[in-house]
K.L.:
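For reference, the structure I am asking about is given below.
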Amino acid sequence: MNVQASRPRRLESYVCGNWTAGAKEGVPLLDASTGAPVAFIDSSGIDFASTLAYGREKAGPALRRLSFHERAAMLKALGLALMERKEEFYALSTATGATRADSWVDIDGGIGTLLSYASKGRRELPNTRVLVDGDVETLARDGTFAARHILSPLQGVAVHINAFNFPCWGMLEKLAPTLLAGMPAIVKPASQTAYLTELVVRRMIDTGILPEGGVQLISGSVGDLLDHVDGQDVVTFTGSATTGRKLKSHPAVIGNSVRFTMEADSLNASVLGLDAGPGTEEFDLFVKEVAREMTSKAGQKCTAIRRVIAPRAHCDALVAALGERLGKTVLGNPADENVRMGPLASLDQRTEVRERIRDLLEDAEIVAGDPDTPRIISGDAESGAFLNPVLLYCDRPWEAKAVHDVEAFGPVSTVMPYDTGEEAVDLTRRGKGSLVASVFTNDPAFAEEVVLGMAPFHGRVLIGNRVSAKTSTGHGSPLPGLVHGGPGRAGGGEELGGMRGVKHYMQRTAVQGSPTMLSAVTGRWVADAEARSGGEHPFRKSLAELRIGDQLVTASRTVTLADIEHFANFTGDTFYAHMDEEAAKANPFFDGRVAHGYLIVSFAAGLFVDPAPGPVLANYGVDNLRFLTPVNPGDTLTVQLTCKEINPRADAEHGEVRWDCRVTNQNGVTVAQYDVLTMVAKTRS
């Protein structure tokens with residue numbers, strides 16, 4: 001079905017379990033290339049207080065009943081379902097001005113973020129409903145009082161107010177960590193491209209995968225929604241700094257200490273290294289990257305390169321190379337397969353960009369591109385929001401103001417010269433905080449100087465050179481596992497970043513009590529908590545039978561000098577501390593020859609392993625291994641092995657078990673401590 005060809009319709013909101021149109025016909029939303037109406041938008045008549053209450057009371061409890069692995073499975077199913085329907089999204093995306101390549105970043109990128117969080121949630125989070133954060137804090141010498149930090153889902157709703165430039169990715173990159181954390185969301189897309197967001201949400205609801213109210217949608221104004229947020233809610237905003245500051249200062253947001261995350265204006269910079277002159281691979285990569293960032297999504301990316309910082313000696317060559325490359329950009333209706341850059345999202349947006357270019361002309365001159373006469377091969381030059389790529393040059397950036405203060409949110413960048421690495425860093429900092437910066441160099445010393453100088457002012461820094469050219473994701477690509485956000489004028493917020501993003505929607509709480517009580521609350525055994533020893537060997541128990549605190553105290557084994565020498569000769573580890581008595585005594589940490597650390601671990605395994613086939617399927621790792629006290633010939637070792645954590649896999653017949661392993665000597669002193677990781681069957685065969 002060609003979605004664009006269908007009759008313009010009234011967009012609907014999805015609130016309180018129902019699709020509903022606004023009370024009025026609404027504002028027309030126009031095709032960015034032709035000016036033809038695509039849809040009408042209005043949210044009047046919605047009870048926003050009830051919308052928030054519905055998310056809190058209906059969806060919140062349902063999501064919190066699920067474990068992290070169950071929520072991850074939900075994200076995976078949702079992502080796969082959307083992937084099957086993506087061509088429908090692509091067909092409508094052209095109305096936003098996006099080419100197929102632009103839409104891939106938005107649509108496939110958004111769905112890919114869902115799938116990435118699904119995978120990371122399964123790999124990196126336990127199959128529980130609460131997270132432990134950090135180690136146990138011992139508060140009493142006798143071990144009777146301790147503390148642990150936990151993370152639990154907030155019991156409100158996350159309100160996501162998104163920008164027009166990424167109607168799919170902008171929504172899904174926020175929804176993925178929100179839902180994985182166990183929190184419902186209300187999505188408010190920017191009106192201009194809300195028709196694409198509405199279609200994606202409609203298909204999400206159609207799947208029936210989400211708990212009722214897990215995602216609600218407001219098509220149009222949020223009305224008095226923020227009047228009703230409280231301390232358990234979260235508000236995120238992507239858009240202009242002016243609007244963001246207004247929302248952040250809302251009385252309810254301030255009065256209720258509502259968590260508020262903002263991603264705002266960002267004058268991102270890219271630096272050409274002093275070593276990267278014409279003829280180098282880095283120079284060519286730099287030209288390609290700047291041109292790509294200027295033309296991708298018609299420059300309507302929060303991560304696009306706005307300031308191009310280059311050695312003064314190379315500026316003429318750089319301007320010439322960029323001008324030639326940008327001049328070949330084919331501009332037109334993105335539905336045309338020959339087009340490489342589409343229009344801006346709206347005529348208002350084009351007017352805004354042209355005004356900002358005039359502001360930049362206070363400090364700079366246009367060296368490539370005409371902002372007033374678009375060169376197009378298809379579409380409507382009058383009704384469509386087309387704008388040629390525009391490159392400016394500012395010869396005296398230290399005396400300039402506009403080039404460091406004004407963002408033209410379109411295919412516009414300004415070249416400015418520098419002479420030293422220190423000057424390059426200073427110019428990047430004049431953006432007053434940005435989402436991303438990049439430096440193209442093959443000189444490690446220059447990279448170190450510039451990256452460390454820029455880092456406090458940027459959320460992400462990319463180093464580009466010939467080595468990573470084929471695999472680099474580029475300057476402008478936020479990734480699920482990396483933080484997206486920046487200090488200062490970029491908003492001071494942070495999104496994504498893998499599991500860091502999930503924790504933004506959870507409350508960190510310090511829980512104090514006896515070790516046994518902490519184990520009960522967290523579902524993870526801690527030292528000095530009650531344990532159950534004796535009876536059947538824990539390795540003979542399936543997941544269905546095993547319990548946190550099940551413990552084995554082994555028989556003992558004495559380490560001999562012959563053991564140490566055999567291990568050294570067998571493994572080839574003949575380090576002097578194991579083989580030379582005089583040299584070992586000269587070491588301030590030893591009083592003679594000592595056993596290898598890995599000999600201790602091997603002997604410990606020999607003491608605690610039950611050799612017969614059974615529920616334990618494999619040992620797949622050791623974590624946090626520490627050797628605490630030297631073991632000398634004649635020392636006798638004993639092992640205490642305790643079931644510490646159990647994580648059954650939702651879609652498999654086994655799960656992971658973490659065991660606390662403590663090896664002590666004949667005096668009861670701990671010589672080694674670590675976690676043993678095993679795969680255990682859910683039931684006995």
Side-chain angles (χ1 to χ4, degrees), residues 12-22 43-75 77-78 128-131 150-162 171-172 174-189 197-198 201-202 204-237 247 250-261 502-509:
E12 293 183 312
S13 297
Y14 186 73
V15 295
C16 299
N18 296 294
W19 286 100
T20 179
S43 64
S44 60
I46 293 176
D47 184 338
F48 294 106
S50 296
T51 302
L52 274 168
Y54 190 78
R56 295 178 187 133
E57 298 166 10
K58 183 76 173 178
L63 282 168
R64 292 193 296 272
R65 280 194 293 269
L66 302 175
S67 70
F68 290 107
H69 286 195
E70 289 170 327
R71 293 176 209 145
M74 178 183 70
L75 292 184
L78 189 62
T128 62
R129 293 181 294 165
V130 64
L131 294 179
I150 65 169
L151 290 159
S152 55
L154 290 170
Q155 298 197 5
V157 175
V159 178
H160 296 313
I161 303 172
N162 299 329
M171 170 180 63
L172 296 176
K174 293 180 181 180
L175 282 181
T178 303
L179 294 171
L180 186 55
M183 197 173 189
I186 294 173
V187 175
K188 192 285 176 197
T197 307
E198 191 240 35
V201 172
R202 191 173 289 276
M204 290 167 62
I205 302 303
D206 288 346
T207 66
I209 293 169
L210 294 170
E212 181 53 54
V215 173
Q216 298 183 85
L217 171 73
I218 297 174
S219 297
S221 169
V222 294
D224 66 351
L225 178 71
L226 293 188
D227 291 346
H228 307 289
V229 295
D230 64 29
Q232 286 293 305
D233 298 319
V234 175
V235 177
T236 73
F237 171 78
L247 296 176
H250 189 285
V253 172
I254 295 175
N256 295 320
S257 299
V258 176
R259 296 188 188 188
F260 189 96
T261 297
V502 175
K503 295 174 183 178
H504 294 325
Y505 302 97
M506 306 183 79
Q507 175 62 41
R508 180 180 287 105
T509 305

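Since the structure is predicted, the reported quantities are computational estimates derived from the model, not experimental observations. Along the sequence shown, residues are numbered consecutively beginning with 1.
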K.L.:
Which value, rounded to the nearest 0.5 Å, describes the distance between Leu226 atom CG and Phe260 atom CZ?
P.N.:
8.0 Å
K.L.:
Just by modelled atom types, is the Asp227 backbone N or O under 3.5 Å from a matching donor or acceptor in the Asp224 side chain?
P.N.:
no
K.L.:
So Tyr505 and His160, would you call those rings parallel, tilted or perpendicular, with 30° and 60° as cut-offs?
P.N.:
perpendicular
K.L.:
With rounding to the nearest 0.5 Å, note down the distance linking CG in Leu179 to CG in Leu78.
P.N.:
8.0 Å
K.L.:
Does a side-chain heavy-atom distance below 4.5 Å link Leu175 with Val215?
P.N.:
yes
K.L.:
Which heavy atom in Cys16 sits nearest to a heavy atom in Ser50, and how many Å separate them?
P.N.:
SG-O, 3.7 Å
K.L.:
Can you tell me if Arg71 uses its side chain to pair, donor with acceptor, with the backbone of Leu66 under 3.5 Å?
P.N.:
yes
K.L.:
Val15 and Gln216: which non-hydrogen atoms are nearest, and at how many Å?
P.N.:
CA-OE1, 3.3 Å
K.L.:
Could you tell me whether Arg65 and Glu70 make a salt bridge, using a distance below 4.0 angstrom between a side-chain N and a carboxylate O?
P.N.:
no
K.L.:
Kindly give the heavy-atom pair with the smallest separation between Met74 and Leu210, and that separation in Å.
P.N.:
SD-CD2, 4.0 Å
K.L.:
For a side-chain hydrogen bond (donor to acceptor under 3.5 Å, both in side chains) check, start with the C-alpha distance between Asn162 and Lys174, then their side-chain angles and the critical distance, and finish with the verdict.
P.N.:
CA-CA 9 Å; Asn162 299 329; Lys174 293 180 181 180; 2.9 Å; yes
K.L.:
Which pair of non-hydrogen atoms, one from Val234 and one from Met183, has the smallest distance, and what is that distance?
P.N.:
CG2-CE, 3.8 Å
K.L.:
Does any N or O in the side chain of Ser257 come within less than 3.5 Å of the main-chain N or O of Val253, such that one atom is a donor and the other an acceptor?
P.N.:
no
K.L.:
What are the two closest heavy atoms between Ser219 and Ser43, and how far apart are they?
P.N.:
O-CB, 3.3 Å
K.L.:
Any side-chain heavy-atom pair from Leu131 and Ile150 closer than 4.5 angstrom?
P.N.:
no
K.L.:
Verify, without hydrogens or angle tests, whether Gln232 (side chain) and Gln155 (backbone) share a donor-acceptor contact under 3.5 angstrom.
P.N.:
yes
K.L.:
When you check the gap from the basic side-chain N to the acidic O, do Asp233 and Arg259 get nearer than 4.0 Å?
P.N.:
no
K.L.:
With a sphere of 6.0 Å drawn around CZ of Arg202, does it hold more than 12 non-hydrogen atoms of other residues, nucleotides or ligands?
P.N.:
yes
K.L.:
Between Gly182 and Pro153, which heavy-atom pair has the shortest distance, and what is it?
P.N.:
O-CB, 4.0 Å
K.L.:
Rounded to the nearest 0.5 Å, how far apart are CG of Leu225 and NE2 of His250?
P.N.:
9.0 Å
K.L.:
Do any N or O atoms from the side chain of Thr20 and from the backbone of Ser13 form a donor-acceptor pair under 3.5 angstrom?
P.N.:
no
K.L.:
Look up atom CD1 in Ile218 and atom OH in Tyr14, then write down how far apart they are to the nearest 0.5 Å.
P.N.:
14.0 Å
K.L.:
Once rounded to the nearest 0.5 Å, what's the spacing between atom OG1 of Thr261 and atom CZ of Phe237?
P.N.:
12.5 Å
K.L.:
Could you measure the distance from the CG atom of Leu172 to the CE atom of Met204? Nearest 0.5 Å is fine.
P.N.:
6.0 Å
K.L.:
For residues Leu217 and Glu12, determine if any side-chain heavy atom of one lies less than 4.5 Å from a side-chain heavy atom of the other.
P.N.:
no
